[in-house]
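Worksheet: the structure to be examined is printed underneath.
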Amino acid sequence: MTIPLLALALLAGPSTPDEPKIDVVKHTLKNGLRLLVVERPDSPTVATQLRFLVGGVDDPKGQTGIAHLLEHMMFKGTETMGIADREKEKPLLDRLDELWTALDAEVERQRSPFAEANPAVLEGIKDEIEKATAEHRKLVVKDELWQAYQRVGGQRLNASTNQDSTQYYVDLPKNQLEMWAYFESDRLANPVFREYYSERDVVHEERRLRTDTQPQSKFRETMETLIRAAHPYRNPVVGWPSDIDGMSRAEVLEYFKTFYAPNNCIIALVGDVKAADAIALVEKYFGSIPSKPQPRRRITEEPPMEGERRLKMKLDAAPQVAISWPTVAEGHPDAPALSVASRVLTGSGGFGGGRFGGGGGGGGTGRLFKRLVAPPEGRGIAINAAAMHRGGRYPGVFAATATPVPGQGLEEIETALLAEVERLAKEPPTEEELARVRNAIDAGWVRSLESNPGIAGAILEAEALAGDWKWWRRERELVKAVTAEDVKRVVETYLVKGSPCIGWLEGTRSPGSPRGRGGRPTEAGAPGGTGGVR
């Protein structure tokens with residue numbers, strides 16, 4: 001089914017000369033795979049992106065981080081790529097699975113207070129694992145996919161996982177698109193999860209470097225568990241340490257077999273390619289991959305939060321106050337006004353939320369900056385302050401944060417943040433503030449259209465979220481149509497009358513020290529992600 005679509009009307013009125021027009025062709029294969037193509041012959045390259053509609057929110061209990069770990073494994077080769085002798089490899093992989101299963105069982109047994117520890121048993125299994133791993137390593141062709149793409153001029157080869165999806169991308173010369181179709185369809189149809197246990201250790205190390213040794217990250221992670229008691233957005237995308245260490249190769253393979261199906265995948269191709277040629281190519285290489293029944297997504301609904309929740313942590317970092325309120329999912333009628341509210345508070349260059357760039361206007365125009373950082377009447381109480389709203393497939397959060405100046409108490413920072421939120425309900429945005437927000441949205445919109453990867457990511461995000469790439473346009477129109485009364489209403493409903501989660505990071509460092517820099521809003525409970533596998 002092919003649906004040619006008219007050029008985007010970027011505004012309700014006539015397009016300005018600087019706004020490029022985008023034609024999108026959507027094609028759905030019989031196996032359910034969706035393809036979005038944009039012809040842009042300005043440069044002889046094509047941006048390719050694949051998105052699977054599975055992320056951290058879908059991780060089963062006891063297997064947090066499995067979607068992210070699977071992302072890593074998708075770069076380990078196939079039946080024909082990444083290995084010198086597949087027939088010799090098969091028994092070695094089976095042997096390694098047996099040994100690791102035995103090791104995990106023995107570790108669990110010896111953890112029991114009723115078991116008698118026998119270190120010699122553990123050491124014996126480890127020795128066998130080391131021998132089998134060394135034999136297997138002789139057969140592995142490291143990074144063959146990376147090298148193949150790089151030899152033909154591929155750039156930006158990488159992947160990322162967030163709470164709602166997993167995506168893979170690479171930019172290629174236009175004459176290498178068939179090679180891309182062959183490699184990516186092979187990865188989907190015939191992957192081999194080799195070097196699994198060493199890669200599991202890599203993922204654990206990634207968590208250690210990004211979270212466990214980073215006080216600000218630990219604070220954010222704890223805030224996310226505070227604002228959600230039940231919904232799986234509370235879990236880190238990278239996973240909890242014991243879950244990472246306990247996952248078997250068989251479990252990850254089963255997860256792959258369930259969710260990595262063409263009917264759970266969307267592809268975007270943007271660049272110097274004809275839509276008819278792209279459709280034929282994707283049909284040729286992906287069309288024979290069978291669809292798979294998708295399970296019911298049994299996502300626990302978060303019960304209403306009744307009453308304030310508080311967190312205090314003392315870590316080796318700059319002090320910070322973070323306040324979060326539960327809100328709504330993307331697509332909810334109130335989401336645009338919440339996004340505008342965050343932009344009015346933050347100003348430009350901040351984290352206003354949404355997919356159209358930064359905050360709401362010129363530097364220093366945000367209310368938080370004017371009141372907390374650089375008030376006209378004298379010295380500010382904060383080094384930085386910002387707000388954001390972000391949802392996903394499921395309800396998100398509105399968050400406000402500030403880092404105090406040296407010597408400033410956290411109680412005063414909290415009071416000031418709450419006061420500015422309440423003031424936004426009593427004194428809604430002026431027309432000047434709304435105009436700055438709209439201008440920033442337009443600027444971010446145009447910037448997103450300047451590159452093939454930017455366009456591919458934007459239409460793919462909309463298609464994945466709303467089931468229709470045109471949401472990309474509709475969302476922008478809705479945000480720009482927000483009125484001062486809309487902002488007043490949502491701030492009163494979700495923030496002033498809502499129950500906040502208030503976090504104090506009682507840091508031991510000054511804000512200017514290497515670990516003391518900060519100010520990004522604490523995305524407590526917001527769909528996060530982890531990107532890159534290298």
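For the residue pair N158 / Y169, no side-chain donor-acceptor distance below 3.5 Å is found, with atom types taken as modelled. Side-chain contact, T166 with E71: no donor N or O sits under 3.5 Å from an acceptor N or O. Under 3.5 Å, the side chains of T300 and E302 contain no donor-acceptor pair of N or O atoms.
When all heavy atoms of R367 and T430 are compared, the closest pair comes out as NH2-N, 4.5 Å. Nearest heavy atom pair, residue G271 against residue N452, reads CA-ND2, 3.6 Å.
Of the possible donor and acceptor atoms, none in the side chain of D486 sits under 3.5 Å from a partner among the backbone N and O of V482. With hydrogens and angles ignored, the 3.5 Å screen pairs a side-chain donor or acceptor of R438 with a backbone N or O of K480.
A salt bridge does not link E330 with R393: every distance from a Lys NZ or Arg NE/NH1/NH2 to an Asp or Glu carboxylate oxygen is 4.0 Å or more. Between R210 and E206 there is a salt bridge, with a side-chain nitrogen of the basic residue lying less than 4.0 Å from a carboxylate oxygen of the acidic one. A salt bridge links R208 with E205: at least one charged nitrogen is closer than 4.0 Å to a carboxylate oxygen. Under a 4.0 Å N-O distance rule, the pair R423/E420 qualifies as a salt bridge.
When the ring-ring contact (aromatic ring centres under 6.0 Å, His included) test is applied to Y260, the partners found at least two apart in sequence or on another chain are F52, F256. Considering only residues two or more places apart in sequence or on other chains, D272 meets the side-chain contact (heavy atoms from CB on, under 4.5 Å) condition with P41, P44, K174. For R156, the salt bridge (Lys or Arg N to Asp or Glu O under 4.0 Å) criterion is met by D171, not counting sequence neighbours. With sequence neighbours left out, I299 forms a side-chain contact (heavy atoms from CB on, under 4.5 Å) with V57, D58, H231, P232, R297, Y394. Applying the ring-ring contact (aromatic ring centres under 6.0 Å, His included) test to H204 and every residue at least two apart in sequence or in another chain returns nothing.
Using a 30° and 60° split on the angle between ring planes, H72 and H68 fall in the perpendicular class, above 60°.
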Contacts table for residues 497-506: side-chain donor-acceptor under 3.5 angstrom, sequence neighbours left out:
residue, atom, partner, partner atom, Å
S499, OG, M305, O, 3.4
S499, OG, G307, N, 3.1
W504, NE1, E414, OE1, 2.8

Verdict with reasoning, T45 to L172, per side-chain contact (heavy atoms from CB on, under 4.5 Å): CA-CA 6 Å; T45 61; L172 291 165; over 6 Å; no
